[in-house]
Structures are given as C-alpha cells and as structure tokens.
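Read through the structure below, which is laid out as structure tokens, and then see the notes.
To find a chain, count down the sequence lines: A is the first, B the second, and so on, and within it residues start at 1.
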Amino acid sequence: MIKKELMVVTKQEEIAKHIFQLTLKGDLVSEMGEPGQFVHLKVSEGTTPLLRRPISISKINKERNEFTMIYRAEGAGTQLLSKKQAEDVVDVLGPLGHGFPIGEAKAGQTALLVGGGIGVPPLYELSTQLAAKGVKVHHVLGFQTKSAVFLEEEFSKLGTTIITTDDGSYGYKGFVTSAIADYNLEYDVMYSCGPTPMLKALEKQFGNKPLFLSLEERMGCGIGACFACVCHTGDDIHGTSYKKVCSDGPVFKAGEVVL
Amino acid sequence: MIKKELMVVTKQEEIAKHIFQLTLKGDLVSEMGEPGQFVHLKVSEGTTPLLRRPISISKINKERNEFTMIYRAEGAGTQLLSKKQAEDVVDVLGPLGHGFPIGEAKAGQTALLVGGGIGVPPLYELSTQLAAKGVKVHHVLGFQTKSAVFLEEEFSKLGTTIITTDDGSYGYKGFVTSAIADYNLEYDVMYSCGPTPMLKALEKQFGNKPLFLSLEERMGCGIGACFACVCHTGDDIHGTSYKKVCSDGPVFKAGEVVL
Amino acid sequence: MLDVQLPGLSLKNPIMPASGCFGFGREYSNLYDLSQLGSIMIKASTQEPRFGNPTPRVAETEAGMLNAIGLQNPGVDKVVAEELVWLEQFDVPIIANVAGSQVEDYVYVAEKISQSKNVHALELNISCPNVKTGGIAFGTVPEIAAQLTKAVKEVSAVPVYVKLSPNVANIVEMAKAIENAGADGLTMINTLIGMRLDLKTGKPVIANKTGGLSGPAIKPVAIRMIYEVSQNVSIPIIGMGGVQSVDDVIEFLYAGASAVAVGTANFVNPFICPEIIQQLPDRLRELGFEHVNECVGRSWK
Amino acid sequence: MLDVQLPGLSLKNPIMPASGCFGFGREYSNLYDLSQLGSIMIKASTQEPRFGNPTPRVAETEAGMLNAIGLQNPGVDKVVAEELVWLEQFDVPIIANVAGSQVEDYVYVAEKISQSKNVHALELNISCPNVKTGGIAFGTVPEIAAQLTKAVKEVSAVPVYVKLSPNVANIVEMAKAIENAGADGLTMINTLIGMRLDLKTGKPVIANKTGGLSGPAIKPVAIRMIYEVSQNVSIPIIGMGGVQSVDDVIEFLYAGASAVAVGTANFVNPFICPEIIQQLPDRLRELGFEHVNECVGRSWK
Ligand SMILES: Cc1cc2nc3c(=O)[nH]c(=O)nc-3n(C[C@H](O)[C@H](O)[C@H](O)COP(=O)(O)OP(=O)(O)OC[C@H]3O[C@@H](n4cnc5c(N)ncnc54)[C@H](O)[C@@H]3O)c2cc1C
Ligand SMILES: Cc1cc2nc3c(=O)[nH]c(=O)nc-3n(C[C@H](O)[C@H](O)[C@H](O)COP(=O)(O)OP(=O)(O)OC[C@H]3O[C@@H](n4cnc5c(N)ncnc54)[C@H](O)[C@@H]3O)c2cc1C
Ligand SMILES: Cc1cc2nc3c(=O)[nH]c(=O)nc-3n(C[C@H](O)[C@H](O)[C@H](O)COP(=O)(O)O)c2cc1C
Ligand SMILES: Cc1cc2nc3c(=O)[nH]c(=O)nc-3n(C[C@H](O)[C@H](O)[C@H](O)COP(=O)(O)O)c2cc1C
Ligand code: FES
Ligand code: FES
C-alpha cells in the first residue's frame, strides 16, 4: 500500500563523485518488496522545489525498517537532498509503481542485469532477491568515467560484475551492449535500468529474449493521476492507448511500450 | 557604509514567548554605531520567502564583532530565522537607516525611552549609549501580557524601568501613555519605538517637547530605491513631498512625517 | 459549519480536487475515502479518446509547475461507462469537466455526460492552453465563450459552470458575457501560459513548448481575478489556483469564491484535500466564523 | 564577448536594472560603481511630481512580490535637472522610463527627457497596473498602444522602446501593432496584476488593493511571451521578469531577448547586477558560446 511518511535519515554518504547513498528508517519499509519500485520525495518544506522527486529503491532492510537509495546530486532537489544528515527527516511517498518481475527467472537459470549510470541502484535489490532464490546473476554496469563508478564491490559479491566506462578510464571501454557481445554473456532473462538510448539499444539487440526495462519520465503525481508520464503502447493501432511510467511501470517488458 | 555579509550565528535563545534573541558575528559590526538603525535579513537561500526582513539592532558589541537582535517569530520569515543555530550563517544587509539622535540629550539631562512590544529592542542600545554619556534614562516598556515581557532586568540596570501590560498580568496595567502620566515622569527628551497607535498617542500628548519616533513600514529594498516605505511629510502643501522610512528614517522627529 | 449550497451542488464542505489533478479519483481512492470530499472535478472528457501531447509534459518552475498534458482521456463514452459508474460507490457529487475543439464537441460531451446520475454539474473547460484547436480561443473572446455557454446550457441536464482562463486583459468582461449567456456558475482560474527552456539544449523543456502554469506562483493572480469578478456577477464562483493550505482556502473565500478547488497541491501531498477539510472548522473558529459562508467575499463586503 | 548593439544603445554588457527597482541609481551607487552596468532603466517619470499610492505598497507572495508604488517620482523637470545630471558622472547609457495618464503627458515627458545627453533610449511604460488612469489601458488595446507609440516617436530625440504588459490575451498582436507604429524595440514584461488578502482582516494587504506581481513566480510567463514575440517581430527585445541569476539571463536570451533587465532581485541582493555581469563570461564559455549574441533566440532558431 502507498503511504506517506516523514522518515528519518540514518545515514548519508557520498559514494562516488556527486553520487550519494541515503538510508531512511520508518514504517513505510514494511510496504516495500518488489525490486525496481521507487519512492517520491519532498526534499524541502517550502514551495521550492515544489514537486516531489522520484528515486528508486536500491536496498530494502526489513529487519531494521530501513531502505537505501542512491542518487546523483544534480539539480536543486537532489542537491538539497544531499544536505540531509542523520536524524533529519524526509517526506517519503511510496512504494510506487511496479518493479522487476523476479518470477521470470527460475532458480538455476541465469539473469543478466544491465545498468547505466544512475540506473544501476535498483538492480542491487533485484540482484539480491534473485541470488537469494537461487538465480545466477551477471551484472554489466556502465558508467561515464572512473570517478562515477559505485557499488562494484557489492555487486561482485552477488555475481560476475563487468564494469564499463565510456572513456575507458576503468574496466571495459565502451557501451554495455558491446561488453555483453564481447564477453559473450549467456543468460535466460535480462533486466535493465538506465538512460533511454541504452534501453533502446538493448531492446534492438536482445529483444528476442526475455527483457525487462525500467523507464524514466518526468513526473507530477507519481501515482497515476496526472498523466504526466505516459508512453504509447507497443501494439497500439489507434494511437490513444497508453501506459503510465509511474503506476504501470517503471518496469515494462520489452516491446510493451514505445521507448 | 552599507555592506552585505554572511554573518555567523553565535547565539540564539527564546527569551519570552515567541521572542528570540539572536547574536551574529562579522565584520559588518564595525559599520554599526547609531542606535535605532536596522539590518535587512535574508533568512533562507531559496525564493521563499523572497524578500529580506527588517530587524532593528538591539545591542552592538564592537569588541567581539557581534551584534544582537530581538524579534518575534510570527510569519514565515521570522519563524525560519528562529531555527538558526550557532554556526549557521545569516545573510545580512546593513546597517541601514538613520537612528535615534543621541546628541539631542545632553549629559545630566533626562531621557525617557518608551517602547511597545517588539519596538522595545532598539531602545536597549540607545539607552546604553545615553547612559554611557551621562544622560539619566527612564524606561517605560509596554507589553501585551506577562509572558511577552523581556529585557526588564537589562533595562533596570541602566535606569528606572516601568513595565506595563495591556491585561495587567504584570507591572502597571494599561497603556504606556497613562503610565507616563500616572508616574508623573519628568524628562528632557523622549525617544520611542513601537506600534503606530502608540506613537500617535505619544505625539498627541507629548509632541510639545523633544520627541523622536521610530516607524515601521513594509519594505522592499530597505535602502531607499524602491519607494515602498514612503510617508508624507508633516509640512507638505502639495502632497507630493515624502520621506522614506528605510533610508530617511526609521527614526523621525515628531511632526516631521505624518504617522 | 462547512456545508455549501451551489446550483446543482449540495456540498458537505467547500473543498474539491481540481480537474486534471485527480484523474477520475481511482488512485486517490487507494489513499483515502473519497466520500470525504465536497465534490470531485474529474479530468476533462472529450468526444473521442485522446492521447494528448508528447512527453515531457511537465516542468517545474519557481513555486509552480508547467503542464501540457493535452486533454488525454479515454473519450466521453468510456468516462461515462467506466469512470463515472465506478465513482457511484462514493457519496460525492461529481463536477464533470467538458472539453472539445469546436462547439459541437462540447455539446456532444455535455449532453452525454450530464445524464450520468452522479454528475451534478458541468465545468466547461474553455481555457485549456494545451491544445492546438479550441480550448483557449473559446476562453479569450467573450462572444465566442457566450455562444458556447448558450449551446451547452441548452443540452445539459445539470447546471453549467464555465472555467475561466486568466490569459485575458479583462476578466470581468469575460465573466459577465458568460453570466449573461446563462451560466450557473464560474470556476477560476485555469493555468497561465508559460514556458521553461533547458539551459543545455536551449530548447523548451516541455515537448509541446508552452505549458500551463499552476501552483502557488499564480495564487495572487487568481485572488485578484476572483476579487474582481465576484463583485461584478451574481453567479457563484469555485476558486482555484495555487491553493496549498487551509489558509489559502480562506483567502479564496475572502476574495469571493464560494468553494475552493485544489490542483497541483495534490501532487505534492496526495492527502491535502482531506487534511484541509479536517483543519477547516478549527481555523474558521479561530478566525471568529461560525460558518464557512461568512468568509465569502469578505474582502469587499 | 558581452557587448550588445541595440537601437540607440551601445552596451558593454546586456545586463541592466529594471525600471522602478533601482530608483535613479543613487542608493546603488553607494554599493558599487554604476559604470559596470550595461545600462540603467531609471524609474518612471511623469509630467508632474507624483506621490503615488498610500502604503502598504508591497506584499510578499510565493516566489514573488506585489507592488503598487503608483509611479511616485519628482516630475520630469526635476528628473532631468537633478537625477540625470547626477548620473552623467557614470559611463553608462540611460534608458528613461516614461509614463503618463494621457497621450499628451507621454509626449511632454518624452520630448523633454529624450534631450538629456545621457538618455540613449526611452522606455514607454504603457503597462503600469498601479495607476487609476492611463497606464494599463494603453497596454491592453493594440490600437491605442500604436497611437501612443507614433505620437512619442514624433517627438523623441532617441530610439523608443515600448514596455509590454503581460495582462493580455494576445501578446503578439500587441507587439506587432507597436512595431508597425514605429517602435525601435520592446521591453517585456511588466508585472502581472495580482492581489493578496490579509487573513485576519480579510482585506487586501496592499492599500491600493491590487498590485503588480514580479519576481521568479512570473518568469515562465515572461519566457513564453518573449519566445512568442521575438519570432514575430524584427525589432529587438529587452527581457525581464523574475531574473535572479546568470542562468536566468541565459534563459531570457535563448527565448529571444537581446539584453536582460533585473528587477525585484535587486531588493533581495543589491549586488546582483554586477555579480551576474561578472559571472556571465565564464557561464557562456561553459555552455560553448564565444559571444553573448549567440544565445539570442536559440530556443527557436
Ligand atoms: C522511476 C524513476 C526512478 C529514478 N531513480 C533514480 C535513482 O535511483 N537515482 C537517481 O539519481 N535518479 C533517479 N531518477 C532520476 C531523478 O528522479 C532525477 O534525477 C531527479 O528528479 C532530478 O531532480 P533535481 O532536483 O536534481 O533536478 P531538477 O533539474 O531541479 O529537476 C526539475 C524537475 O525535473 C524532473 N527531472 C529532472 N531530471 C529527471 C529525470 N532524469 N527523470 C525524471 N524526472 C526528472 C525533477 O523531478 C523535477 O520535477 C529516477 C527517475 C524516475 C522517473
Ligand atoms: C525598521 C524596522 C525595524 C524592525 N525591527 C524589528 C525588531 O527589532 N524586532 C521584530 O520582531 N520586528 C521588527 N520589525 C518588524 C519585522 O520586520 C516584521 O515582524 C517581519 O518582517 C515579519 O516577517 P515574517 O516573515 O515574520 O512575517 P510575514 O507575514 O511572512 O511577512 C510578509 C511580508 O510582510 C513584511 N512585514 C510583516 N510584518 C511587518 C512589519 N511589522 N513591519 C514591516 N514589514 C512587515 C515582511 O517583511 C515580509 O515582506 C521591524 C520592522 C521595521 C520596518
Ligand atoms: C497536470 C494538470 C492537468 C490539468 N488538467 C486540466 C483539465 O483537464 N481540465 C481543466 O479544466 N483544468 C486542468 N488543469 C488546471 C487545474 O484544474 C487548475 O485550474 C489549475 O491547475 C490551477 O490550480 P492549482 O494551482 O491548484 O493547480 C490541470 C492542471 C494540471 C497541473
Ligand atoms: C517596486 C517596483 C516598482 C516598479 N516600477 C516600475 C516603473 O516605474 N516603471 C516600469 O516600467 N516598471 C516598473 N516595475 C516593473 C519592473 O521594471 C519589471 O518589469 C518587473 O518587476 C518584472 O521584473 P522582475 O520580476 O525582475 O522584478 C516595477 C517593479 C517593482 C517590483
Ligand atoms: S506522474 Fe502522474 S500519472 Fe505518472
Ligand atoms: S524599502 Fe525601498 S525605499 Fe524604503
């Protein structure tokens, strides 16, 4: 169930350049479960910034009633968020949307998780849950440059982890798609989250096998009421059929919606 | 000279109900001198609240490079200000305006300082400076009710101090004007700061003797450029002559401007 | 102390979500009981289904937001058959927002939707800035607005409120023309037309280029227009534009609105409507009122 | 890289304080050297001295403020003899804001003030929302605006810019009418008309009741209007409305302004103009520009 709660910061740290990892504590955590869902955050009390900010859930810790997000401090909202310290509160609405279907990968099968930049974080909870149920996990994680890389160690503990950078300053030089081909990675189901061009490339090259993509879109309400975040569906003939990224997604099966 | 500085909070405490005393440190203090001047504060970084807030200087401590203000936390701006803690910074523009002419009271003469509510604070620096140059100071300080009374002890150290409350819950019951009459207070120069009705009553009853009044008006710039804070002058025949509260005042000789 | 009587609308309280900011209520029904609301202004319905504009459709601005949804909706038939029937489970009168590209569209939708048993009033959206044809033109020329009002009044089974655009030089003239054409009430204001450019690309952030500006930023414009119009018409006004708090609601009532709609604030805090409804009685008492009606038009009465 | 050439104006840089937000520069001259500025738009001058409206004249709103100063000024003769002569000490071209109640007033002031040697352009204030007669009427009817422009052009010794009111349904129509009447440039936008009510008294906070809304809240409206107008006229635009930072300046240039004025932000930070001027070259380089001109109209070019 979607709840709104003033959650308490238990930890915030900068884990890569401009990349922050924030852990919040509160009852809302008991509603979380599906990897790939997100929360909608109000980062200040006043009217600037006015709107909430959508951020993916990256780790869920039910025992401690905590969850973690990883985000890049870029615009006004995320910069304000990055100034929160332990014991400050953050107004959280969530959990929102539909995440990655872990049921699509059976125990013993192999899942390939492909992340790009700030799309990497939700894959961590996904990987944890897949690994826990006996799915073998491979990760291909793309970043712009060495200083932007994060979570490599954590992912490595769960399965093979290939890091790519656009400029070759760390790991494999090039796009994640080339890395998948070059390393000749075998898999049964692919899950991905990252920039739209990356998702498009994946859909084009790997759309013939099970593939689930997490999309981003500018949001208003985050709960499905304002129609800010719609996309066309793949099979639409009239042009009026749609899905909402916030409530039908953010994760869709490849082909379900037009990227 | 008017300066703008990010000054550092050294102390903030609630000294009466919703009344806060805030001490700031910084080089701007070296520009201060005249009692009755004010500063214009930006209490937040963003656009809400957008405008600066005018607050009187209540104590100046040149040795420590500090000055103190006393204000009531009422609206959005002053409430935000009241949340500042030691080591936080406040964006200060000042010192602004023309204060009380202490030269009008000679050593050995008696000055009567009459304050109302949140108009009391600037009288403290005034009284300190008058006392220092050998002027005898009496104070009549009016408050709404007992819980709103502040600075009584400090003023008492400088001279006779009569506290009045509107509801009689503390000190003399009634208006400051009646207290002055009832106590039959003798004086050479009167200085006052407080709500306009009080200033009007003082002007009416005591306008025949030297009387200086500190006015309040809604402000834009605080430095004399926007014409938000004008008042008509007392001797105006054409109706177009004016004084600006922010830069010509806030202190005027009784009769100089129309209250 | 909160009940309000308006043409066609017997409201428990004067608070309702604004059109387009609450969908058809489904999402919010998961968060609280919609029967608490004074009314619901549902999303605009058009004759045919519409997808609306390409994304991005929203952009944030200082104390406000731009939107260019472009009247996305499943078409009036589906709205009537699916959304309105679903809404019948709640004890709340619906105000149906009606949009179109030409008079005939409005007439078609109005006739149809006004038959639904929980639709107690129509809100003619003659002021949507985000569609190429219709919409805003109806909202800026008094004669055209009057014609449309008349045509819709003829077919509607329920009272007709007309939603005014703030993008005009003379809002009173517009309001009077619409009153004279037979409107039962006014709702105001819709969004101001605005734009935001991306610093890196130099291009508009919103795919549709311009969008409608809503939120706290526009409240002063809304208050001014309601203040002016309420003194010059004798039909009631449902006010909106930047309402965020119970105090904002009271400011709108003072200005001359008889009820108040909450738009953008639903995105910031999805519980805002029930929160305001709950706070209103105490706030009214604090300010010395015994009934919410006493606030209406206090700024000029 | 910052120099800008406009009719009558050879500017060191495209940044200037907006009229009414800088007085005649005296107060700011105590804070910094005014010769740094691209230009100064001085406070409106009228034929006779004016006191303006009663106080309170300003009220804060969300991300904005309302003002109803009401064109207070010492009259054109004093402005010419005292203020403009005083300003001659600075190496900065002055844009003189001209206001009035009828055409004759504008003509009188324009003729007189345009003779001052440091006045390089006039800005016709046909859009002041805070005076009972004149002002806004000139700003909302294209024919009347055009007539006024013509009349002033005939007597002015320097190029004439006309300041547009945003309180219109069709800003392009207005701009074109003024261009056709011979204006050399446009400045836009003036304030939106707004109001704020006091919660305790129920009455308007501003004595004049309504006031002009300025500040960040109106920026999306300003950007939209400049975007629309700049594509439809061939005279240059000086843009304004909510500028607070160097990035805002660039957004106005992208929209189609050739230079940018800063209003309300001077009250928030009196050093804002020189700060922006100082930051502009680096920010331009960061965004890949070699000259500020390259930004102009980038949103639609
Ligand atoms: C479902 C979802 C999950 C996301 N998860 C993460 C995450 O885990 N970590 C992370 O760093 N980022 C994530 N993002 C992107 C994140 O929402 C934006 O980076 C953030 O909103 C930018 O806010 P700002 O205040 O920094 O930027 P500003 O430029 O001030 O934002 C202005 C407006 O644009 C919106 N906006 C700007 N960029 C984006 C964007 N890329 N996507 C959607 N809206 C945007 C903002 O929400 C805001 O309304 C996610 C986005 C979505 C839709
Ligand atoms: C010269 C001068 C000296 C002052 N000195 C003091 C002082 O020492 N201590 C103190 O408590 N107060 C003082 N005030 C009053 C103080 O400025 C206001 O209480 C304060 O601005 C209110 O801000 P807010 O955010 O709490 O209220 P809000 O209601 O949020 O303010 C909204 C707007 O109205 C203005 N405003 C509201 N009340 C007043 C007021 N009474 N006078 C001027 N502007 C107002 C604000 O500045 C702001 O622009 C002084 C005012 C002036 C003009
Ligand atoms: C995302 C969004 C969609 C809207 N859709 C509609 C609509 O379909 N019909 C309509 O009449 N108004 C629509 N509006 C305008 C609102 O109903 C309201 O008039 C306006 O937003 C001002 O109120 P606010 O500031 O409280 O949001 C929409 C507003 C927003 C923000
Ligand atoms: C206090 C104040 C006084 C103003 N006086 C004038 C004026 O005399 N003439 C004029 O053309 N515009 C006047 N304006 C409008 C500004 O020049 C400017 O167009 C408007 O405020 C929008 O810019 P901003 O948001 O940067 O303030 C005034 C604005 C303010 C806030
Ligand atoms: S963000 Fe409102 S519908 Fe998706
Ligand atoms: S506040 Fe601007 S002139 Fe006084």
Review point. Where on D/L66 is there a heavy atom nearer than 4.5 Å to chain C: the side chain, the backbone, both, or neither?
Key: side chain
Point to revise | Toward chain C, the part of D/L287 with a non-hydrogen atom under 4.5 Å | key: side chain
Study note, to complete from the structure: For C/K203 and D/R298 the tightest heavy-atom approach is NZ-O, 2.8 Å
Review point. What closest approach, in Å, do D/Y254 and C/D198 show between heavy atoms, and which atom pair accounts for it?
Key: CE1-O, 3.7 Å
Exercise for review: Using a heavy-atom cutoff of under 4.5 Å, enumerate the residues of residues 214-226 of chain D that contact chain C, numbered in order, or state 'none'.
Suggested key: D/P216, D/A217, D/P220, D/V221, D/I223, D/R224
Exercise for review: Answer yes or no: does atom CD of D/E286 have more than 12 heavy-atom neighbours from other residues, nucleotides or ligands under 6.0 Å?
Suggested key: yes
Study note, to complete from the structure: Among D/A63, D/G202, D/A255, the residue with the most heavy-atom pairs under 4.5 Å to chain C is D/G202
Point to revise | For chain C, the option from D/E251, D/K209, D/E228 that forms the most heavy-atom pairs under 4.5 Å | key: D/E251
Practice item. Name the member of D/I171, D/N170, D/L199 that forms the most heavy-atom pairs with chain C at distances under 4.5 Å. Key: D/L199
Exercise for review: Output the residues of residues 241-249 of chain D for which the shortest heavy-atom distance to chain C is under 4.5 Å, in residue-number order; output 'none' if no such residue exists.
Suggested key: D/Q244, D/D247
